[in-house]
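Encoded as structure tokens, the structure appears first; notes follow it.
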2 protein chains.
Amino acid sequence: MAPPKPTDAVLADPSPWRSPAQRGRDRALKREAVLKAAARLFNEKGFHATSLDDVARQLNVTKPTLYHYFRSKDEVLFECCRMGLEMIEAAATPVPGSSASGLERLRALMEQYAEAMTMDFGMSITRTPDTALSPENRAELRRLKSQIDRAMRGVIQSGIEDGSIAPCDVRTAAFAIAGALNAIAHWYKPGGPLAPAEIARQTADFLIQGLAPRTPERRRRKR
Amino acid sequence: MAPPKPTDAVLADPSPWRSPAQRGRDRALKREAVLKAAARLFNEKGFHATSLDDVARQLNVTKPTLYHYFRSKDEVLFECCRMGLEMIEAAATPVPGSSASGLERLRALMEQYAEAMTMDFGMSITRTPDTALSPENRAELRRLKSQIDRAMRGVIQSGIEDGSIAPCDVRTAAFAIAGALNAIAHWYKPGGPLAPAEIARQTADFLIQGLAPRTPERRRRKR
DNA sequence: CCTAAATGTTACTCATGAGTAACATTCCTT
DNA sequence: AAGGAATGTTACTCATGAGTAACATTTAGG
């Protein structure tokens, strides 16, 4: 009895033989599994305190196996950070046909940014010092970060122009906002009392409201 | 011609012979010089990328010399951070006979905090991952940090009570503020266009004002 | 003076962990 | 079947850098 041909298996195929496409997908999945395990360990114990042997052990393989998927430890960290930054960048790229005010767009950006910082890849952006990376990878990450920074400043600027955001120093505001959001990666613990969405909302609220008391007729924002 | 006795030398003494007190002071000065050089290098190249040989070279001595003043590389980093944290803590401890409002006290705290983050020891707090430290030292630093956090929350709380600060989630506010201030250590460069005091003021302003536009009668704070 | 403490040097040890060489196995292709 | 790509293993090499041993020199003080 011959095994069923992979190309015939459209639905419900428990066969151990994989199609070429499936094989490629397996590889991508394994790559991602390495990144995920690595990110978790890097965040928990720190990049330098985590050896690739640690990462491999976590996945029930040995260190040389990892080198089938990555060129170096450096590349592993770099990819983790890139994943995280791409999540944020997706949130920062403007939607073409949007009629939202600058403040509304900024709030959405801040909340997605904040939620990203509660996830493994997002955390790795701020929890690992960029000095751990090779000069080339460091430069590339800086490029991605400044792209996000530019996008955020753009949103702030347009908010000032449409009157939804108070005039302020855009540069300082962007730095302060990014700083407050990045900090989440340092104090958030998955088992905590606040869910990521809650943290995101509260932090965005605070940055919008500020510390100074509202005047009576504008005391609290709804929702 | 006998050298002047150290005890006689009250003023203007270029003698190479040091009094016992002066010797002790020399030692303390040298210790501090090591810390200063180390902090600068740690911040610039990263803790793990900086060897004690690097630090020693910077001071025109050799590595074993440093071990006369510190037990381990770990201790050097720890002391750098402790210095920085003590600067902030000094700013966070309440002045007994003060009649300032909560917001005024918080602004002063934020500005001093921000300025500390532009200095070598302040930077080392946030630019070095706490995973680089021994468990004991890490715990001690965490203790100092949470002491500052408690002080900050106390000031915020009292500001809410006296009406100078809008009601808000104190925990979230304290985290966001500390995050925004800590971030300064990551982007500030000594040669930049903004002086530390300027950065401190602008960042504090932003955190107080928030992003939302003021209502007409309270549009801008004076100064 | 003579000893002890402090301060500095040169020349090591030694653990760690990134990265590699060489080899085994499995699966797909022809 | 046979060759080769992909994936995995065991058993190393090798650089780095923290920390130390042993030794030299100066200074303080009895």
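Here is how names work: the chains are called A, B, and so on, in the same order as the sequence lines, proteins then strands, and each is numbered from 1. Just the heavy atoms: all of them, side chains too, but no hydrogens, waters or symmetry mates, feed the values below.
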[N], OP1 or OP2 - any side-chain N/O from [X] closer than 4.0 Å?
{"X": "B:Arg27", "N": "C:dT7", "answer": "yes"}
{"X": "A:Thr62", "N": "D:dG8", "answer": "no"}
{"X": "B:Ser72", "N": "D:dA18", "answer": "no"}

Counting any heavy atom closer than 4.0 Å, what does [X] reach on the DNA or RNA strands: base, sugar-phosphate only, or nothing?
{"X": "A:Tyr69", "value": "sugar-phosphate"}
{"X": "A:Lys30", "value": "sugar-phosphate"}
{"X": "B:Ser51", "value": "sugar-phosphate"}

Find the distance [X]:[atom1] to [N]:[atom2] and express it as a whole number of Å.
{"X": "B:Leu41", "N": "D:dG17", "atom1": "CG", "atom2": "P", "value": "13 Å"}
{"X": "A:Arg57", "N": "D:dG8", "atom1": "CZ", "atom2": "P", "value": "18 Å"}
{"X": "A:Phe70", "N": "C:dT20", "atom1": "CZ", "atom2": "P", "value": "16 Å"}
{"X": "A:Asn60", "N": "D:dT9", "atom1": "CG", "atom2": "C1'", "value": "14 Å"}
{"X": "A:Leu66", "N": "C:dG17", "atom1": "CG", "atom2": "P", "value": "15 Å"}
{"X": "B:Asp74", "N": "D:dG19", "atom1": "CG", "atom2": "P", "value": "8 Å"}
{"X": "A:Leu77", "N": "C:dG19", "atom1": "CG", "atom2": "P", "value": "12 Å"}
{"X": "B:Asp26", "N": "C:dA6", "atom1": "CG", "atom2": "P", "value": "14 Å"}

Would you indicate which nucleotide in [options] comes nearest to any side-chain atom of [X]?
{"X": "A:Pro64", "options": "C:dG19, C:dT20, C:dA11", "answer": "C:dT20"}
{"X": "B:His68", "options": "C:dG19, D:dG19, C:dT7", "answer": "C:dT7"}
{"X": "B:Tyr67", "options": "D:dA18, D:dT7, D:dT9", "answer": "D:dA18"}
{"X": "A:Thr65", "options": "D:dT9, C:dG19, C:dG8", "answer": "D:dT9"}

(request) Quickly, which of A:Leu66, A:Val34, A:Thr62 forms a side chain to side chain contact (heavy atoms under 4.5 Å, CB included) with A:Leu52? Name it, please. (result) A:Leu66
(request) Decide yes or no, distance alone: a donor-acceptor N/O pair under 3.5 angstrom between the base of D:dG19 and the side-chain of B:Lys63. (result) yes
(request) Could you tell me whether A:Asp130 and A:Lys145 have a side-chain N and a carboxylate O separated by less than 4.0 Å? (result) no
(request) Run the salt-bridge test on B:Arg82 and B:Glu86 with the 4.0 Å N-O cut-off and return the result as yes or no. (result) yes
(message) Using a 6.0 Å distance limit plus a 45 degree cone around the ring axis, check whether B:Lys73 lies over the aromatic ring of B:Phe47.
(response) yes
(message) If we count only N and O atoms by modelled type, under 3.5 Å, do the side chains of A:Ser158 and A:Arg105 hold a donor and an acceptor together?
(response) yes
